[in-house]
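Below is one structure, written out as C-alpha cells; comments come after it.
What you see is a predicted model, and the numbers here were worked out from it, not measured in a lab. Order of listing sets the numbers, starting from 1, for every ligand and every atom in it.
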Amino acid sequence: MRVGVLSLQGDFQEHLEALKALPVEAFPVKDEEGIGKIDALIIPGGESTTMGILMTRWGLKEVICKRAKEGMPILGTCAGMVLLAQEVENWKQPLLGLMDVRVRRNAFGRQRDSFECNLDIKGLEGPPFRAIFIRAPVITEAGPSVEVLAHIDDYIVLAKQGNIFACAFHPELTEDTRLYRLFLGL
Ligand code: GLN
C-alpha cells in the first residue's frame, strides 16, 4: 500500500516518520503526478489557510477531489480536518469540501492552545487513545452521512464519511499506530 503525505506545509515529516512503524510505503506528495500514484492520502496539521492557498495555486484541489470521489481514503489531521470541511465558521479560505461538516478553527481557545487527553474512539480496541490537541479545530455540525468516531462534550474530534476521515488531534505525535491502522484498514 502506497500512502502519500501531502507535503506543501505543516508537519508532514512527523507523519512520514510515524508511518515507518506500519507495513506501508509512505512518501511525500506535492504534485498531481504524486497524487496519481498513491492508494491513500494524509493531509497533515499546519496552517490550513496557507495549505489551501498552495493547493489551489498548484492545481491540486481537482486531483485530490477526483481521487476522493474514486474512493481513495483520505485522512486530514488538524489543519487537514479544516481543509476537508465544506464550511468553516466565520472565515473564508480555500477548502476541499469533501466532508459534509462545519468546522470551528482554534475551538479550544487561547488558554488551552494545546492539551492532551484520553479519548474513547469508536472502532479502536484496547485502552483509550492519548490524543494531542494543538490549536485544534473541531466539527460543530455534521450531516447525516457523517459517522462520529470521537467527541469531547458536544465537539466532534474524529469523524468519517465514507473513505474520508477527519481528525482534530495529532496521531503522528504519539507512538500509538491504531488510528492509522483504522484509517488504512490494516
Ligand atoms: N489552527 C490551525 C488551522 O486551522 C491548525 C493547527 C494545527 O494544524 N496544529 O490551520
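Going from atom CD1 of Ile43 over to atom CE of Met55 covers 4.5 Å, rounded to the nearest 0.5 Å. Here Ile35 contributes atom CD1 and Lys37 contributes atom NZ; the two are 11.5 Å apart, rounded to the nearest 0.5 Å.
Nearest-heavy-atom check against atom 10 (O) of ligand 1 across Pro44, Ala168, Gly80, Ser48 picks out Ser48. Nearest-heavy-atom check against atom 4 (O) of ligand 1 across Arg105, His170, Arg135 picks out Arg105.
Any N or O atom pair closer than 3.5 Å counts here, and Ile134 shares at least one such pair with ligand 1. Checked against a 3.5 angstrom limit, the closest N/O atoms of Gly46 and ligand 1 fall inside it.
Nearest non-hydrogen protein atom to atom 7 (C) of ligand 1 is Cys78 SG, 2.8 Å.
Counting heavy atoms from C-beta outward, Cys167 and Thr77 have side chains that approach closer than 4.5 Å. Residues Tyr155 and Arg104 are in side-chain contact: their nearest non-hydrogen atoms beyond the backbone lie under 4.5 Å apart. Between Arg130 and Glu116 the shortest side-chain heavy-atom distance falls below 4.5 Å. Within the 4.5 Å cutoff, no side-chain heavy atoms of Asp113 are placed close to those of Phe108.
Within the 4.0 Å heavy-atom cutoff, Pro137 does not count among the residues contacting ligand 1.
The contact set between ligand 1 and Gly45, taken as ligand atoms under 4.0 Å from a residue heavy atom, comprises 8 (O). Of all atoms in ligand 1, listed by their number and element, those nearer than 4.0 Å to a heavy atom of Asn106 are 1 (N).
At a cut-off of 3.5 Å, with distance as the only test, no side-chain donor of Thr50 or Gln9 sits close to an acceptor on the other residue.
Heavy atoms of Thr77 found under 4.0 angstrom from ligand 1: none, in either backbone or side chain. Contacts of Met51 with ligand 1, taken as heavy-atom pairs under 4.0 Å, are absent altogether.
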